[in-house]
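To find a chain, count down the sequence lines: A is the first, B the second, and so on, and within it residues start at 1.
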There are 2 protein chains.
Amino acid sequence: MYPSSIRQSKMLERLRLQQFCNITELAEVFSVSDETVRRDVRQLAEMHLVRKVHGGVATLHETMESPFQKRMAEQREEKQQIAEICSELIPDGTTLMLDSGTTTSYVARSLAKHKDLTVITNSTDIAGILLPPSGNHVYMPGGEVRQDDGAIFGQSAVEYIRQFNVDWAIISVGGIDNQLNLTDYYPLESELSRAVIEQAQEVIVVADRSKFGRVGLAKICKMEVIDILITNPPIPSEISRELHSMDVRLITQSSQVG
Amino acid sequence: MYPSSIRQSKMLERLRLQQFCNITELAEVFSVSDETVRRDVRQLAEMHLVRKVHGGVATLHETMESPFQKRMAEQREEKQQIAEICSELIPDGTTLMLDSGTTTSYVARSLAKHKDLTVITNSTDIAGILLPPSGNHVYMPGGEVRQDDGAIFGQSAVEYIRQFNVDWAIISVGGIDNQLNLTDYYPLESELSRAVIEQAQEVIVVADRSKFGRVGLAKICKMEVIDILITNPPIPSEISRELHSMDVRLITQSSQVG
DNA sequence: CACAATTCCACAAAAATATGCAAAAATATT
DNA sequence: AATATTTTTGCATATTTTTGTGGAATTGTG
C-alpha cells in the first residue's frame with residue numbers, strides 16, 4: 001500500500017526524521033486546514049504507515065508494548081486473584097519451581113512476601129521478583145533470553161531443571177482442551193513445563209477460566225498428572241466432576257477470611 | 001507540549017537512564033501538572049512498564065536494596081558519565097560481553113538506546129535492561145542468582161562464557177592497585193571477568209577514579225591485557241604515562257560535542 | 001498521634017477530534 | 001469547450017479526550 005497523494009508521501013518523509021509531529025504544524029507546512037491533515041493522517045493510519053495519537057502523528061515501532069505485556073494486562077484481576085490463592089498454599093521455607101508465563105509472573109509477585117524459599121525458574125522476570133533481600137535462593141538455567149518475556153528455553157534449560165527435586169511445581173498453560181489436556185503454544189514451552197512437572201512432589205496449575213476450550217499446538221500432559229488446579233469461578237459442573245474423578249483438587253476461592 | 005502517549009514514551013526513556021524519578025521533576029520537564037504525570041505513570045504502571053512508588057516512579061529492574069543498591073548510589077554521577085562515554089564507543093549491531101558490576105549496570109542503561117546488539121552477561125539486572133523490544137539478543141549463563149546483585153557465577157558460568165567470541169568486553173573492577181593490576185573482591189568475580197576478557201577482541205575497563213589505590217582480594221589480570229580504560233578526571237600524570245607505555249588507551253571525556 | 005507530603009477523586013475547562021454539509025477543485029463526458 | 005460528475009477541501013458544530021484544580025483520603029516520619 002502506498003500513500004494516495006503527494007502530500008501524504010511528504011508527511012511520511014517528514015515523520016521519518018522526526019518521530020512525532022502535531023496536526024497544526026503539518027497544516028501550516030502544507031498550507032491546508034487541520035481537517036485536511038487529519039483526513040490524510042487517518043488514511044495513513046489505516047494503511048498502518050503511521051500511528052495516530054491524540055495531538056498528532058507518530059511513527060510506528062516506537063512505543064509498542066511487547067506481546068507479553070499485553071498478555072499481562074489481559075484478565076489481570078483474575079490472574080491476580082488466582083495468584084493470591086496459590087501463594088497461600090505455599091509455606092515459607094519450601095522449595096519450588098515456576099515456569100515462565102503471565103500467570104506465574106503474578107504468582108511470583110504474590111510470593112514476594114514469603115521467606116526462605118528456594119526457587120528454580122526459567123523466567124528472568126520471576127527471578128527478579130523473588131530475589132530481593134528475602135532470604136530466598138533463586139536458580140536459573142542459562143541460554144538465550146527470549147525477548148518477548150525474558151524466559152529461557154531449550155535442551156540445556158530442560159537438563160538444568162532436571163538436576164533439582166522440589167516440593168512444589170507451579171505451571172501456567174496456554175490452553176486446556178475439552179479432554180482436559182494441558183497445552184502450550186510452543187513446543188519449547190511444553191517441553192520445559194513437562195520437565196518442571198516431573199521434578200516436583202506436588203504440581204499446581206494456575207489457569208484463568210479463559211484457558212478452557214483453548215488449544216495450543218504443543219501438548220504438555222494429561223490433567224491426571226496434576227495435583228491442584230487453581231482457576232476462577234464459575235466452573236461448569238461437568239468439568240468439576242471430571243476433575244474430581246481424576247483426583248485433581250480444584251480450587252477457585254481463597255480459604256482466607258475477608 | 002506533547003500528547004500523552006509521546007510523553008509517556010519519553011518518560012520511559014528517561015527512566016531507563018535514571019532508575020527513579022519523582023513526580024514534580026517529571027511535571028517540570030514536560031511542563032504539565034503533577035496530576036497529569038500521575039495519570040501517565042498510572043497507565044505505565046498498569047502496562048507493567050514502570051513501578052509506582054510513593055514519591056515517584058521507579059524502573060522494574062531496580063528491585064534490589066542491599067549493598068549493591070548502595071554501591072549504585074555511590075559516585076553515581078561519575079559512573080553515569082563513564083557509562084555514557086563507553087556507550088558512545090560501541091556501534092549498533094555489534095557483539096559484546098558485560099560482566100556484573102555497578103558501573104557495567106550503568107553502561108547497560110546507556111546502551112539501552114542501541115539497536116541489534118548481541119549481549120552476553122552474567123547479570124540478570126543487565127539482561128533485564130537490554131532486553132526490552134530493542135532487537136537485541138541476550139544470552140546468560142545459568143546457576144544460582146546471587147541475592148546481592150542478581151549475578152550468576154561459578155564454574156558452569158565460566159564455561160558458558162567461553163562458548164562465545166565477541167567484539168567487545170566491558171568489565172568493571174573492584175580496585176586497581178599501585179602496580180595497575182586489576183582486582184575484584186571475590187575470586188568468583190575475578191574468574192568470570194578473566195573469562196570475559198579472553199573471549200573478546202577489544203577489552204574496555206570502566207572504573208571511576210575512586211577505584212585507584214584500592215586492592216581487592218582476587219587478582220583479575222595485569223593492565224597490559226586491557227585495550228581501553230575509561231575513568232573520570234583528573235588522573236595523575238604518572239599513571240597516564242604508565243598506561244601509555246602499556247599501550248592502554250585512556251579515555252576520560254566524551255568525544256561528543258555539546 | 002500529629003504533621004507534612006503525596007496521592008486519589010470528581011468536576012469543570014480546554015484542547016483535539018469527528019461529522020455533516022456546502023463550496024471549490026479536479027476529472028470525466030458529451 | 002461546455003457541462004456533468006466525482007473528489008477534495010474548509011467551516012461550523014457536536015463529541016470525545018485530555019488536562020488542571022481544589023479538596024478529601026492516604027501514606028511516611030518523627
Return the value, rounded to whole Å, for the distance between atom [atom1] of [X] and atom [atom2] of [N].
X: A:Arg7; N: C:dA26; atom1: CZ; atom2: P; result: 12 Å
X: B:Ile6; N: D:dT17; atom1: CD1; atom2: P; result: 18 Å
X: A:Leu26; N: C:dA16; atom1: CG; atom2: P; result: 13 Å
X: A:Gln43; N: C:dA18; atom1: CD; atom2: P; result: 13 Å
X: B:His54; N: D:dT27; atom1: NE2; atom2: P; result: 9 Å
X: A:Asp40; N: D:dT7; atom1: CG; atom2: P; result: 16 Å
X: B:Ile23; N: D:dG28; atom1: CD1; atom2: P; result: 14 Å
X: A:Asp34; N: D:dG10; atom1: CG; atom2: P; result: 10 Å

Along DNA chain C (nearest heavy atom to each residue), the more 5'-positioned of B:Arg38 and A:Val53: B:Arg38
Donor-acceptor pair under 3.5 Å, A:Arg39 side chain vs D:dG10 base: yes
Separation between CD1 of A:Ile176 and OG1 of A:Thr231, rounded to the nearest 0.5 Å: 7.0 Å
A:Thr94 side-chain N/O to A:Pro91 backbone N/O, donor-acceptor pair under 3.5 Å: no
Can you find a side-chain donor-acceptor pair between [X] and [Y] that sits under 3.5 Å?
X: A:Tyr139; Y: B:Glu144; value: yes
X: B:Glu78; Y: B:Asn232; value: no
X: B:Ser123; Y: B:Asp125; value: no

N/O (side chain, A:Thr36) to phosphate O (OP1/OP2, D:dT9) under 4.0 Å: no
From the list [options], which nucleotide is the closest neighbour of the side chain of [X]?
X: B:Lys52; options: C:dC8, C:dT7, D:dT18; answer: C:dC8
X: A:Ser33; options: D:dG10, C:dT7, D:dT17; answer: D:dG10
X: A:Arg42; options: C:dT19, C:dT6, C:dA16; answer: C:dT19
X: B:Glu35; options: D:dG10, D:dT27, D:dT21; answer: D:dT21

Residue closer to the 5' end of DNA chain D, A:Val32 versus B:Val37 (nearest nucleotide): A:Val32
